[in-house]
Asker: 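Below are the structure tokens for one structure; questions will follow.
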Number of protein chains: 2
Amino acid sequence: MQDILFDFISKYVSLTEDEKKALLSLDLFHSVKKGTVLLKEGQKSKESFFVLKGCIRTFYIIDGEEKTTAFYTELDALTPHSVVKNVPSDYFIGCVEDCILLISNTDMSVEVNSKFPKFDIMCRMLSEELLAKQQIDFDEFKISSPEQRYLNLLQKRPDLIQRVPQHQLASYLGIKPQSLSRLRARILEKSKG
Amino acid sequence: MQDILFDFISKYVSLTEDEKKALLSLDLFHSVKKGTVLLKEGQKSKESFFVLKGCIRTFYIIDGEEKTTAFYTELDALTPHSVVKNVPSDYFIGCVEDCILLISNTDMSVEVNSKFPKFDIMCRMLSEELLAKQQIDFDEFKISSPEQRYLNLLQKRPDLIQRVPQHQLASYLGIKPQSLSRLRARILEKSKG
DNA sequence: TTAACTCGTTCACTTAAGTTAAGAAATGAT
DNA sequence: ATCATTTCTTAACTTAAGTGAACGAGTTAA
């Protein structure tokens, strides 16, 4: 499991054995059961998440209805808005599947980063990269219809459609569950001819 | 004009006079006329933009139609996806108004950042903050209807609705110009009673 | 000044998403 | 194993966005 982490890190910076040991000594790995809520609306936590295995999601509860807005799977990192800005969270974070997560908190990072400046560099590269990637995703979302978004997802993250409940996928695509059902039926009908 | 920049920077790190001078000596400020294209699709540039005055936008051209996906106004920073990943750009960047911009390129930043580690720290803070903020914007977009998005924009960036052409706003809201017109008429009708 | 364009709006029509409701299928809990 | 709950699908109806076309206002160019 640690290898997955170090392989990932090695894409950005190279670590010495000492640095690897220091990182492991922090006891960051956690197994979390499906359905567990990692962050609640209104909560002021300092925890960031890195998915080693499994899938987590961010969701809002609006008028009693869950609205899932993002999924994070293997090698995805999530630092909640509330952590960056140190304000109560607008959304929930929950486990879609049993997960193995790396959970770090801000205080810890400050310490690590001052000891190992490499981490600062890596974090910056990571957030720059994620920012640019997310901009593209947002752009694509804006210029696509729900149907195009679904087909696009089918191409880019086919695993999600298998591992995630439909009603969560629907709000992720910006539509209602019934519309997703209909849209899928429509596509199937078309492909038959 | 430089004060605007230094005021902005001071929110993240404090600069010595030497550092300020070093920054100014780089000759980063540029006046750019409305309509100027700063980055073209397919181009591999290394330039990042920081808006001191005016408004720039990112847009795609799809089947000959412009699709505007983002606006950047005073104190907004834009590092194109293509710069981060060093690939040809998928989109254009253009000036909506006459602008005063800070334009930096990657090579330059590497040099500056190694001389002044503070800049690395600031850049990381900035991209973390922007990433988190953009996540929220994306979430709001997903869970809103076009009408809610428009009303939301009216609250949060009322200036945009004044300074930007309707058809550019429309794709920014994920709809066609005709739909925006209709939607506005609908809202006006409602407010009359 | 006129002609050509762009921009915003409106209209009629088409298509697709929202809404409400019902029922089948799968999942979980006791 | 059974019951309850959640999830997914289908259907009928409503509402809103997409499409194609036309028009006037404002701008630019000849």
Side-chain angles (χ1 to χ4, degrees), chain A residues 33-37 55 57 59-68 71 92 94-98 141-154 160-192, chain B residues 33-37 55 57 59 61-68 71 94-98 141-154 160-192:
Chain A
K33 277 261 163 291
K34 172 177 174 174
T36 307
V37 173
C55 176
R57 64 175 176 132
F59 63 101
Y60 295 71
I61 297 187
I62 292 169
D63 301 331
E65 248 185 298
E66 283 187 11
K67 307 276 188 181
T68 299
F71 297 103
F92 296 77
C95 294
V96 176
E97 304 170 340
D98 292 352
F141 194 95
K142 278 180 184 165
I143 64 184
S144 305
S145 66
E147 182 169 328
Q148 288 170 320
R149 279 175 221 149
Y150 178 77
L151 292 171
N152 199 23
L153 192 68
L154 213 51
L160 267 193
I161 292 168
Q162 300 307 319
R163 64 206 286 195
V164 160
Q166 296 293 318
H167 67 281
Q168 290 178 16
L169 265 184
S171 46
Y172 180 69
L173 294 169
I175 57 176
K176 304 279 159 173
Q178 297 92 318
S179 297
L180 178 54
S181 265
R182 180 168 39 195
L183 181 158
R184 282 156 61 94
R186 197 165 62 221
I187 290 171
L188 207 66
E189 201 52 40
K190 277 184 199 166
S191 70
K192 274 194 217 157
Chain B
K33 278 261 162 291
K34 171 178 174 175
T36 308
V37 174
C55 176
R57 66 176 175 131
F59 63 101
I61 297 186
I62 293 169
D63 300 330
E65 248 186 298
E66 283 188 12
K67 307 275 188 182
T68 299
F71 297 103
C95 295
V96 177
E97 304 170 340
D98 291 352
F141 194 95
K142 277 179 184 164
I143 65 185
S144 306
S145 66
E147 182 169 327
Q148 289 171 320
R149 279 175 220 150
Y150 177 77
L151 292 170
N152 198 24
L153 192 68
L154 213 51
L160 267 194
I161 293 168
Q162 300 307 320
R163 65 207 285 196
V164 160
Q166 296 292 317
H167 66 281
Q168 288 178 16
L169 265 184
S171 46
Y172 180 70
L173 293 169
I175 57 178
K176 304 280 158 175
Q178 298 95 316
S179 297
L180 178 55
S181 265
R182 179 170 39 196
L183 181 159
R184 281 157 61 95
R186 198 165 62 222
I187 290 172
L188 206 66
E189 201 51 42
K190 277 183 200 167
S191 71
K192 274 195 217 157

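Small disclaimer: the values here were computed from a predicted structure and weren't measured. Naming: A, B, ... by sequence-line order, numbering from 1 per chain.
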Asker: Among C:dA17, C:dG28, D:dT9, which nucleotide has an atom closest to any side-chain atom of A:Gln166?
Answerer: D:dT9

Asker: Please give, in whole Å, the distance from C:dA17 C1' to A:Leu180 CG?
Answerer: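 Atom-to-atom, A:Leu180 to C:dA17, this comes out as 12 Å.
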
Asker: Any salt bridge (Lys or Arg N to Asp or Glu O under 4.0 Å) pairs touching residues 174-185 of chain A, not counting sequence neighbours?
Answerer: none

Asker: Counting heavy atoms from C-beta on, name the nucleotide in C:dT10, C:dA17, D:dT19 closest to the side chain of B:Lys176.
Answerer: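 From the listed options, D:dT19 comes nearest.
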
Asker: Using a cut-off of 4.0 Å on non-hydrogen atoms, how would the nucleic acid contact of B:Arg186 be classed: base, sugar-phosphate, or nothing?
Answerer: sugar-phosphate

Asker: Between the main-chain N or O of B:Ser145 and the side-chain N or O of B:Gln148, is there a donor-acceptor pair closer than 3.5 Å?
Answerer: yes

Asker: Between P on D:dT15 and CD1 on A:Ile175, what's the gap in Å once rounded to a whole number?
Answerer: 21 Å

Asker: Which sits closer to the 5' end of DNA chain C, B:Gln168 or A:Ser179, going by the nucleotide each is nearest to?
Answerer: B:Gln168

Asker: Nearest whole angstrom, please: distance from the C1' of C:dC11 to the CD of B:Glu189.
Answerer: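 Distance check: B:Glu189 CD to C:dC11 C1' gives 16 Å.
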
Asker: Are OP1 or OP2 of D:dC8 and a side-chain N or O of A:His167 less than 4.0 angstrom apart?
Answerer: yes

Asker: Compare side-chain N and O positions of A:Arg182 against OP1 and OP2 of D:dT9 and report whether any pair is under 4.0 Å apart.
Answerer: no

Asker: Using whole Å, report how far NZ of B:Lys34 lies from P of C:dT6.
Answerer: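 Computing the B:Lys34:NZ to C:dT6:P distance gives 15 Å.
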
Asker: In whole angstroms, how far is the P atom of D:dG18 from the CG atom of B:Leu183?
Answerer: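 Spelled out: CG on B:Leu183 to P on D:dG18 is 10 Å.
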
Asker: Return the value, rounded to whole Å, for the distance between atom CD of A:Glu65 and atom P of C:dT20.
Answerer: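 Going from CD in A:Glu65 over to P in C:dT20 covers 10 Å.
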
Asker: Do B:Ile187 and B:Glu147 have side chains that approach each other closer than 4.5 Å (heavy atoms only, starting at C-beta)?
Answerer: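 They are in side-chain contact.
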
Asker: Who pairs with B:Leu154 by side-chain contact (heavy atoms from CB on, under 4.5 Å), at least two apart in sequence or on another chain?
Answerer: B:Tyr150, B:Leu151, B:Ile161

Asker: In whole Å, what is the span from the CD1 atom of B:Ile187 to the P atom of C:dT9?
Answerer: 12 Å

Asker: It should be established whether A:Ser181 places a side-chain nitrogen or oxygen under 4.0 Å from OP1 or OP2 of nucleotide D:dC8.
Answerer: no

Asker: Main chain of A:Thr68, side chain of A:Ser171: is a donor-acceptor contact present, judged purely on distance under 3.5 Å?
Answerer: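 Between the backbone of A:Thr68 and the side chain of A:Ser171 there is a qualifying donor-acceptor contact (under 3.5 Å).
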
Asker: Between C:dA16 atom P and A:Arg149 atom CZ, what is the distance in whole Å?
Answerer: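 After rounding, the reported distance stands at 14 Å.
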
Asker: Any idea which of C:dG8, C:dA17, D:dA11 is nearest the A:Gln178 side chain?
Answerer: D:dA11

